[in-house]
Q: 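The structure follows.
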Amino acid sequence: MTSKYRTLKDIPLEEVLTSGTSLCAGCGGMLLVRIFEKVLGSDAITVNAAGCMSLASVFPLTPFKSSWFYVAMPSAPAAAQGIRDALDLLIRKGKIDAKDDLKVVVVTGDGAASDIGLQSTSGALHRGLDFYYLVYDNEAYANTGFQASSSSPYASATKTTTPTEILPEGSLLTKKDLFEIWRAHKPPYIATISPAYVMDMMRKIEKASQYKGPKLFIAHSPCPPGWDIDSDIVIRIAKLAVETGIWPLKEAAYGEVTHSLISRTRRPVEEYLKLQGRFEHLFKPERKVKIIQEFQKRVDDYWKNVTK
Ligand code: SF4
Ligand code: MG
């Protein structure tokens, strides 16, 4: 399909998410939600699973022009189902006009998406719920002090994976592959997105909008306090994640995966790791060559099988 988003000038000017939140300066997740809501427009109702974004809208104040519904971590997809059903019933009974229908959106962190809310998400995918699902993946439970989630990457330090002499890696576990878990449910649309690739993000949201059913997005979301980075390098970090191949930009419509970007000259993962305090133990007090090589190998192994 031909996209109406050809240059950055095509970003809608109207803000759905306005200023005045208590989130951290430079929050990558907030930037994503802002663009996401801009592209969807104000005729949306967002269901938020408890997490960092819950701080965006605290009664009686809200920076959103559209509706925002806040629920506990496991239940956002179930709440989205209730809202979708209520809208469908109201339209069927003629209480609201079909042209006044709202898009139903879930905004959730990686903890709710990969761990606590995975069961209700799987249920919603199985039922074919017509909704958008956006994960701002900051790779830990940032809202409660940065404990590890199943989305935390190998060799990262979190509050619950502190590197020690006998466990120099920090986290030994592999990041859960949420994209593939979702793909196994065969939804109409899934994509990964990045705040450094706004055009790619907008085109993917636009493309997803043609489908009825679950439309899922996993967003790389640099988190200044949790990743121990300055807020002015958030976009640089996001760009490096893509350029090193750590964060593949891809999509799958009814199952078939295609990558938005396949680079034959990926930067070494070290360029991404060394800028972040959560990976500092890989470089200080001495360089942990084997762990850095293992990290690089995992990324190289992924790209070995990518052809499109
Ligand atoms: Fe955003 Fe991280 Fe702050 Fe949470 S802790 S609001 S994800 S920057
Ligand atoms: Mg998180």
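Atoms within each ligand, like the ligands themselves, are counted from 1 in listed order. Just so we're clear, the structure is a prediction, and the values are computed from it rather than from any experiment.
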Q: Would you call Arg267-Glu243 a salt bridge at under 4.0 Å N-O?
A: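 Between Glu243 and Arg267 there is a salt bridge, with a charged N closer than 4.0 Å to a carboxylate O.
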Q: For atom 1 (Fe) of ligand 1, which protein N/O/S atoms fall under 2.8 Å? Skip waters.
A: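 Hits for atom 1 (Fe) of ligand 1 below 2.8 Å: Cys27 SG.
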Q: So what does the Asn138 OD1 - the Mg ion (ligand 2) - Ala140 O angle come to, to 10°?
A: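 Roughly 90°, rounded to 10°.
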Q: Tell me whether the NZ or CZ atom of Lys175 lies within the 45° cone about the ring axis of Tyr154 and under 6.0 Å from its centre.
A: no
Q: Using the ring centroid of each side chain, check whether Phe146 and Tyr141 are separated by less than 6.0 Å.
A: no
Q: Of all heavy-atom pairs between Gln147 and Ala140, which one has the smallest distance, and what is that distance?
A: O-CB, 3.2 Å
Q: Does the ring centre of Tyr254 sit less than 6.0 Å away from the ring centre of Tyr211?
A: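 Here the rings of Tyr254 and Tyr211 have centres that are less than 6.0 Å from each other.
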Q: Using the test ring pair (Phe, Tyr, Trp, His ring centres under 6.0 Å), find all partners of Tyr136 that sit at least two apart in sequence or belong to another chain.
A: none
Q: Is it possible for you to check whether Lys274 lies under 6.0 Å from the centre of the six-membered ring of Phe283, through NZ or CZ, and within 45° of that ring's axis?
A: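 Lys274 over Phe283 ring: no.
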Q: What N, O or S atom of Asp110 is found closest to the Mg ion (ligand 2)?
A: OD1
